[in-house]
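The shown structure was predicted, so the numbers you read here are calculated from the model rather than taken from an experiment. To find a chain, count down the sequence lines: A is the first, B the second, and so on, and within it residues start at 1. Hydrogens, waters and symmetry mates are skipped; everything else that's a heavy atom, side chains included, is used.
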Amino acid sequence: MTIITIEHAGKYDAQEVTIRGWLYNLRESGKLLFPIFRDGTGIIQGVCSLKENPEAFEALKGLTQESSVIVTGKIRAEQRAPGGYEMGVSKIQIVQKVPEATPFPIQLKEHGVDFLLDQRHLWIRTPRQAAILRIRAEAVRAARSFMDSQGYTLTDAPIFTPAACEGTSTLFEVNYIDDQKAYLTQSGQLYVEATAMALGKVYTFGPTFRAEKSKTRRHLTEFWMLEPEAAYAELPDMMDLGEGLVSAIVQSVVKNKSRELETLKRDVKKLENIRPPFPRITYEEAVAVLQKHGNPAKFGDDFGGDEETIISSAYDRPVMVHHYPSAIKAFYMQPDAVRPDLALSFDMLAPEGYGEIIGGSQRIHDYDLLIKRLKENNLPEESFQWYLDLRRYGSVPHAGFGLGLERTVAWITGTEHIREVIPFPRMIYRVYP
RNA sequence: UCCCCGGUAGCUCAAUGGUAGAGCAUUCGGCUGUUAACCGAAGGGUUGCUAGUUCGAAUCUAGCCCGGGGAGCCA
């Protein structure tokens, strides 16, 4: 018997096949049953009549939602079935029946966020969540593939770090061995600067941790970040790389995950536009745009969610804002040669109000300037000795950025909150399941 | 840390000072083309916790607990 996945059911019209999955729903109509099966790749309606298949009918009748089943039957085109195909069930094997006393908690109806997050391990079985996770996987695959194609080498940064990478955000402290303290990384950037001096063009892609007490739809305490870094690269090189990377991710999802985008009812037209070149405006131009919209922003302010939305909604693709004031940016960013009060930095803002998905910059490569900035920011010089070494031994101009995977996937999938685009979100006050 | 909102049956919600209810889910019965099927019946409650006001509190007050949205910070 041919075992198939539901996504390919249409190719087996009029053939008898076997599907291994779960009972998604069951409608009973007297001597006729309409089970809906899912197998992770999609859902398909089955039909089973008492008259034609009494054995299968009795096994299926009253079966509980999410019971695991192996079903065999003939696939046929059927207008009345969701998806256009249905299976005439002739044989069913129940792998495990969900007990009536403990029915599957997630019904085919609206549920509250709190409940769903407590049931996250089961919530991911629903078609919408499964589609999002498949798109996330495609985004990761496309991102790696693009970086590799551009000659970047993956050099993973450590997750345990001795001290703050940027000195600003709150860190998760962990007990290391023998009473030593260590911290969970909040960015692989400093390490990737080191590997860039070793290998030229590199990136790291892994989880990062922020103990900030942020409670917004754009924040997780554990999220994934892709951080390229290239020796001899300058700010415009990174803006080129960023728009190439984001375009590659989006186009790859559009091309290979159209079924999932359809499940999510995402407007694909908006994604098809996402191709280079992306608009680029300076920070000062962005402030002028904000003021024109009646926003009280002035030079020297950092942008919040409202500001990002105003700026990004003027474009149909991500916009890159560059040359922010040094005062509101990280200590390691290289000042502009002509306007030393501005940093060679850029943020990429996603359309439709999804906010910042990339933050990047050219890094300070001069030893004395870096020392000065460490002091200005009250950062302990001794913790940064290895980082300063990079400026002692053949320092070169270099640049990089960090791309937030969840924010990018939230935008691509049109998901309201980024907690839905990671299998098990870690948020302030929520580390279960 | 601050501001706002919420917590009633397994789930989604109603009841605004006077007997705690509906739909879904579960159980039982009915139905041969259902689309979160439908129809009939049953079981299911320490109204987040504590104290107070009151003849009487899900409802009013205070404190606490647990969530959600946003700000700041950031990806």
Mate of B:A22 where both pairing distances stay under 3.5 Å, Watson-Crick or G-U: B:U12
Under-3.5 Å N/O pairs linking protein and nucleotides 3-10 of chain B:
residue : atom : partner : partner atom : Å
B:G10   : N2   : A:Q107  : NE2          : 2.5

Would you say A:R218 reaches B:A71's phosphate, i.e. side-chain N/O to OP1/OP2 under 4.0 Å? yes
Counting side-chain heavy atoms from CB outward, which of B:G68, B:U26, B:A75 is closest to A:E100? B:U26
Under a plain distance cut-off of 3.5 Å, with no hydrogens placed, do A:E138 and A:S252 share a side-chain donor-acceptor pair? yes
Any luck finding a side-chain donor-acceptor pair between A:R27 and A:Q45 under 3.5 Å? yes
Assess whether one donor atom and one acceptor atom, taken from the side chain of A:E28 and the base of B:U34, lie less than 3.5 Å apart. no
Rounded to whole Å, the CD1-P distance (A:I328 to B:G72) equals 12 Å
A:F331 and A:F384: aromatic ring centres closer than 6.0 Å? yes
Pairwise P distance for B:C65 and B:C38, with rounding to whole Å: 43 Å
If B:G45 has a Watson-Crick or G-U wobble mate with both distances under 3.5 Å, name it; if not, just say none. none
Look through every strand shown and name the nucleotide pairing with B:G67 as Watson-Crick or G-U wobble, where both distances are under 3.5 Å. B:C5
Atom pair distance, as rounded to whole Å: CG in A:L33 and C1' in B:C31: 12 Å
Rounded distance in Å between the P positions of B:C49 and B:U32: 47 Å
Taking atom types as modelled, is there a side-chain donor on A:Y24 or A:E66 under 3.5 Å from an acceptor on the other? no
Check this for me: does the side-chain of A:H111 come within 3.5 Å of the base of B:C11 through a donor and an acceptor? no
May I ask you to say what A:Q45 touches in the nucleic acid, namely base, sugar-phosphate or nothing, with a heavy-atom cut-off under 4.0 Å? base
What distance, rounded to whole Å, do you find between the two C1' atoms, one in B:U26 and one in B:A9? 12 Å
Using atom C1' in both nucleotides, what's the gap between B:C4 and B:G18 to the nearest angstrom? 33 Å
Under the 3.5 Å rule, do the base of B:C66 and the side chain of A:R430 count as making a donor-acceptor pair? no
Pairing partner (Watson-Crick or G-U wobble, both distances under 3.5 angstrom) of B:G72: none
Between A:F172 and A:F209, what is the ring plane arrangement, given parallel below 30°, perpendicular above 60°, and tilted in between? perpendicular
Under 4.0 Å from OP1 or OP2 of B:A75: is there any side-chain N or O of A:R217 that close? no
Scan A:F104 against the nucleic acid and name what it touches under 4.0 Å (heavy atoms): base, sugar-phosphate only, or nothing. nothing
Is A:E78 touching bases, backbone alone, or none of the nucleic acid, heavy atoms closer than 4.0 Å? base
Integer angstrom distance from the P of B:G7 to that of B:U59: 11 Å
Considering every strand and a 4.0 Å limit on heavy-atom distances, what is the contact class for A:L405: base, sugar-phosphate, or nothing? nothing
Which comes earlier along RNA chain B counting from the 5' end, the contact point of A:F223 or that of A:L26, where each point is its nearest nucleotide? A:L26
Just checking A:W22 against A:F104, ring centres under 6.0 Å apart? no
Here the distance between atom P of B:G67 and atom CG of A:D114, to the nearest Å, is 8 Å
Taking the six-membered ring for Trp, are A:Y332 and A:Y387 closer than 6.0 Å centroid to centroid? no
Measure the distance from CG on A:N53 to P on B:U32 and round it to the nearest whole Å. 17 Å
Looking at B:C73, does its base get a donor-acceptor pair with the side chain of A:S214 below 3.5 Å? yes
Base, sugar-phosphate or nothing for A:E110? Non-hydrogen atoms, less than 4.0 Å. base
Separation between the C1' atoms of B:G23 and B:C39, rounded to whole Å: 15 Å
What nucleic acid atoms does A:E416 come within less than 4.0 Å of, heavy atoms only: base, sugar-phosphate, or nothing? nothing
Would you indicate what A:G355 reaches in the nucleic acid, counting non-hydrogen atoms under 4.0 angstrom: base, sugar-phosphate, or nothing? nothing
My understanding is that only one of A:Q189, A:K201, A:R363 makes a side chain to side chain donor-acceptor pair (under 3.5 Å) with A:E229; could you say which? A:R363
Base-pairing assignment for B:A58 (Watson-Crick or G-U wobble, both under 3.5 Å): none
When you get a sec, tell me which of B:G67, B:A75, B:U34 is the closest nucleotide to the side chain of A:Y429? B:G67
When you compare B:U16 with B:U47, how far apart are their C1' atoms, in angstrom units rounded to a whole number? 14 Å
When all nucleic acid strands are considered with a 4.0 Å heavy-atom cut-off, which category describes A:D302: base, sugar-phosphate, or nothing? sugar-phosphate
A:Y85 ring center near A:Y12 ring center (under 6.0 Å): no
Ignoring backbone atoms, establish whether A:H417 has a side-chain N or O less than 4.0 Å from OP1 or OP2 of B:G69. yes
Is any side-chain heavy atom of A:V47 less than 4.5 Å from a side-chain heavy atom of A:R76? yes
Round to the nearest Å and state the distance from A:L116 atom CG to B:G68 atom P. 12 Å
